[in-house]
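A quick write-up on the structure given underneath.
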Amino acid sequence: MADYYDVLGVGRDSTTEEIKKRFRTLARETHPDANPGDPAAEERFREIAEAYEVLSDPVKRRAYDRGETFAGDLFSQFAGLDDILQQFFGGTFGGFGGTRRGGPARGADVAVAVRLTLEEAALGTSREVDFTAPVTCDTCGGSGAAAGSAPATCTTCRGAGAVQVARNTILGSVMTVSECAACSGTGSVITNPCETCRGGGRIHDKRTLTIEIPAGVDDGTRLRLAGKGSAGERGAPAGDLYVQVRLEPDERFERRGDDLHFRLRLGVSEATFGADVPVPLIEGGDMEVDIPAGTQPGTVFRLARQGMPHLRRRGRGDMLVEVVVDIPTELSREEEEALRTYGELRGERPAPPRRKRRFRTG
C-alpha cells in the first residue's frame, strides 16, 4: 500500500493549504487528457485524488497517521475521473484542449470481507475470497456486438457521448457535460447485439481471487486491489476490489493500536519473592520475564518491539504485561494453617475459621 504522503510528495508536517496546492499541481500533470496514450495516467490520477481526499480532511488525516486505512472511501462513491473533479472543483477537467471522453463506463468497485485471527494479522497471510460480479463476456470479448459485427458510432453525439459547455474554474477551462441519451454516454450503439450478454459486453459470474494480507492490518483495515472489481462496459477499465479486514477476538492478547496487552497471572508467593515467568509471544513461543520481588498488582512491564508490526513502516509496537495477583479461593488444611500463621506474624486480622469448612485435598 502506497503511503499517501509519498503519493502527493509532501511531508508529514505539511499544512492543509500546502497539500491542496500540491494536489492542484499534480492534477494538471497527471490527468489523462494531459497524457494521451498513457494507459497508466488514469490510475495515477486516482491515487493522487484518493491521497488528497484523506489528507485534506483533518479528522481522516489524524486517523490515517494513527495507522487506520481509508482506501476506497472516495471511490466507493464516485465512479470516474469526472466525478472526482466534480467533487473537488465543481466541474469536469478541461484546460488542456481536451474534452470529456465519451465511452463505456468503468466497472463498479466491489467490497468483500475477510476474517483473521490476531496471529494472522501479525504475521500476514493469504485468503481466497469468492464474490459475484460482472465479468467480460467471452462470446463477444466485451464488445457487446454479435460475431461479425461491431458497435456503430452514435449518430446523435457523433461518438462524443455528451454535449459540452465550457466555463472557467480554479483549474482553468472546464467542461460541464450532459450525457447523450441515445447512447447513454458511451458514444456508440449496438445494432446487432451478442446473444450471450445481450449487448452489454458483460455477464454476472462467480469469481475466486487469492488475496495477500500484509502483516500489521487491524480490524476495519480496507485493502485496495486495483482493477480486480467488476468488468467495465464494453472493454472499459475494471473497477477495484476492496477487502475489509475483520479480526476475531483473541483469548490471550488485547490489541491497542500496534501494542499488545497481556494479563500475567501470578501467585501470591511469586509476586512476593519474584519469579522468572514465561510470557507468550504473538508469533509463537515464549519470552521469559524476570518479575522482581515485591511486585504489586497492576504493575505493567513493557516488552519492547513484541507487539504488532507497523502496517506502513518498519518496526512494531510493544507488549504491555500487566500483573494480576491471584488470590486463592480453595486451600488445603496445611495451606490455611500456614497462611494464618503468616497473617499473625504480619499483624493482620483474618476472619476466624468457619465451621465444617471443606478443605481441598492434595
Side-chain angles (χ1 to χ4, degrees), residues 1-7 40 43-44 46-47 50-51 54 63-64 66-76 106-136 138 202-232 237-262 280-287 305-319:
M1 297 174 59
D3 183 89
Y4 287 154
Y5 291 98
D6 291 341
V7 170
E43 180 62 26
R44 171 64 175 158
R46 288 171 59 81
E47 288 179 350
E50 181 177 286
V54 172
Y64 179 79
R66 292 195 302 267
E68 296 182 27
T69 301
F70 288 87
D73 286 359
L74 176 66
F75 301 114
S76 60
R106 172 184 177 273
D109 295 336
V110 175
V112 297
V114 295
R115 303 194 71 86
L116 305 177
T117 64
L118 187 62
E119 182 178 353
E120 289 173 327
L123 301 179
T125 186
S126 60
R127 275 287 190 278
E128 280 195 351
V129 295
D130 299 320
F131 59 95
T132 299
V135 298
T136 301
D138 289 334
R202 304 177 296 177
I203 59 172
H204 277 76
D205 199 5
K206 183 177 180 180
R207 298 181 60 187
T208 299
L209 291 178
T210 299
I211 309 300
E212 296 298 327
I213 310 294
V217 293
D218 200 352
D219 187 66
T221 296
R222 288 205 289 177
L223 308 174
R224 175 182 175 225
L225 282 74
K228 298 298 183 181
S230 300
D240 299 333
L241 176 66
Y242 291 96
V243 181
Q244 187 160 35
V245 175
R246 293 299 183 194
L247 294 189
E248 303 281 2
D250 191 271
E251 294 181 353
R252 301 175 301 168
F253 304 107
E254 177 188 346
R255 181 170 182 171
R256 299 177 180 177
D258 285 341
D259 292 338
L260 294 176
H261 183 264
F262 177 75
L281 302 177
I282 186 64
E283 66 267 24
D286 298 320
M287 171 181 284
R305 297 181 297 280
Q306 296 301 325
M308 298 292 289
H310 300 311
L311 182 58
R312 287 188 296 272
R313 62 186 190 277
R314 294 181 180 178
R316 55 194 300 177
D318 301 331
M319 185 187 296

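What you see is a predicted model, and the numbers here were worked out from it, not measured in a lab. Values below: all heavy atoms of this structure, side chains included; hydrogens, waters and symmetry mates excluded.
- Applying the salt bridge (charged side-chain N to carboxylate O under 4.0 Å, His left out) test to E248 and every residue at least two apart in sequence or in another chain returns R115.
- Within the structure, every pair that satisfies the side-chain hydrogen bond (donor to acceptor under 3.5 Å, both in side chains) test and touches residues 204-217, not counting sequence neighbours, is listed here: D130-T208.
- E283 meets the side chain to side chain contact (heavy atoms under 4.5 Å, CB included) test with L123, L281, Q306, R316; sequence neighbours excluded.
- L247 is not listed as a side-chain neighbour of T117, based on a closest heavy-atom distance of 4.5 Å or more.
- With hydrogens and angles left out, the side-chain atoms of E47 and Y4 include no donor and acceptor closer than 3.5 Å.
- Distance CD1/I213 to OG1/T221: 9.5 Å, rounded to 0.5 Å.
- Proximity of L223 to Y242: side-chain heavy atoms (C-beta onward) are nowhere separated by under 4.5 Å.
- Contact annotation: the side chain of D240 never approaches that of L225 to less than 4.5 Å [non-hydrogen atoms, C-beta and beyond].
- Side chains of I282 and L260 form a contact here, defined as non-hydrogen atoms less than 4.5 Å apart.
- The salt bridge (charged side-chain N to carboxylate O under 4.0 Å, His left out) search around D259 returns none, not counting sequence neighbours.
- L209 places a side-chain heavy atom less than 4.5 Å from the side chain of K228.
- Note on residues 117-128: pairs passing salt bridge (Lys or Arg N to Asp or Glu O under 4.0 Å), not counting sequence neighbours, are E120-R127.
- Applying the ring-ring contact (aromatic ring centres under 6.0 Å, His included) rule to Y5 yields no partners; only residues at least two apart in sequence or on another chain are considered.
- One finds the CG atom of D219 at 10.5 Å from the CG atom of L118 (value rounded to the nearest 0.5 Å).
- Put simply, the side chain of V245 does not reach to within 4.5 Å of the side chain of D218, judged on heavy atoms.
- Looking only at side-chain heavy atoms (C-beta outward), E254 and F262 stay at 4.5 Å or farther from each other.
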